[in-house]
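Working notes, structure below.
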Amino acid sequence: MSLKDEIAQLRAEFDAHVATQAATARKAAEAVRDTTGEIGDSARMEALMETIGDTLDDMSGEIEKFPKLTALAALGVGLALGVVIGRQLR
């Protein structure tokens, strides 16, 4: 197998992995969106935390491979949640 074939194979695997992760994230976002009109604030927060937990479980391999990127992503998510929660409390 030549280097070009190996690169093409790795690219295909990467694209498949990205598509799978995107589909999982899209389903989680739809689940949160679907439940927002039906349930109260505390139930929505629990649903959000459950979705975050499921996403973290799905991405555990990437979290171990890229700890610095994970820390930056966690900071961004925390900042976004803080802004959303802060606006709701005003």
In one Ile/Leu/Val/Met/Phe/Trp/Tyr side-chain cluster, 4.5 Å: [X], [Y]:
{"X": "I52", "Y": "V84", "result": "no"}
{"X": "I85", "Y": "L79", "result": "no"}
{"X": "L10", "Y": "L3", "result": "no"}

* To do: Would you tell me whether D5 and S2 have side-chain atoms, one donor and one acceptor, within less than 3.5 Å of each other?
  => yes
* **All side chain to side chain contact (heavy atoms under 4.5 Å, CB included) counterparts of R87, not counting sequence neighbours** => V83
Return a table of donor-acceptor pairs under 3.5 angstrom between the side chains of residues 13-21 and protein atoms on other chains or two or more places apart.
unit_1	atom_1	unit_2	atom_2	d
H17	NE2	E62	OE2	2.6
T20	OG1	A16	O	2.9

* Asked: For F66, which fellow cluster members are found when Ile, Leu, Val, Met, Phe, Trp and Tyr are connected by side-chain heavy-atom distances below 4.5 angstrom, either directly or through intermediates?
  -> L69
* Asked: For the atom pair CD (E50) and OG1 (T55), what is the distance rounded to the nearest 0.5 Å?
  -> 10.5 Å
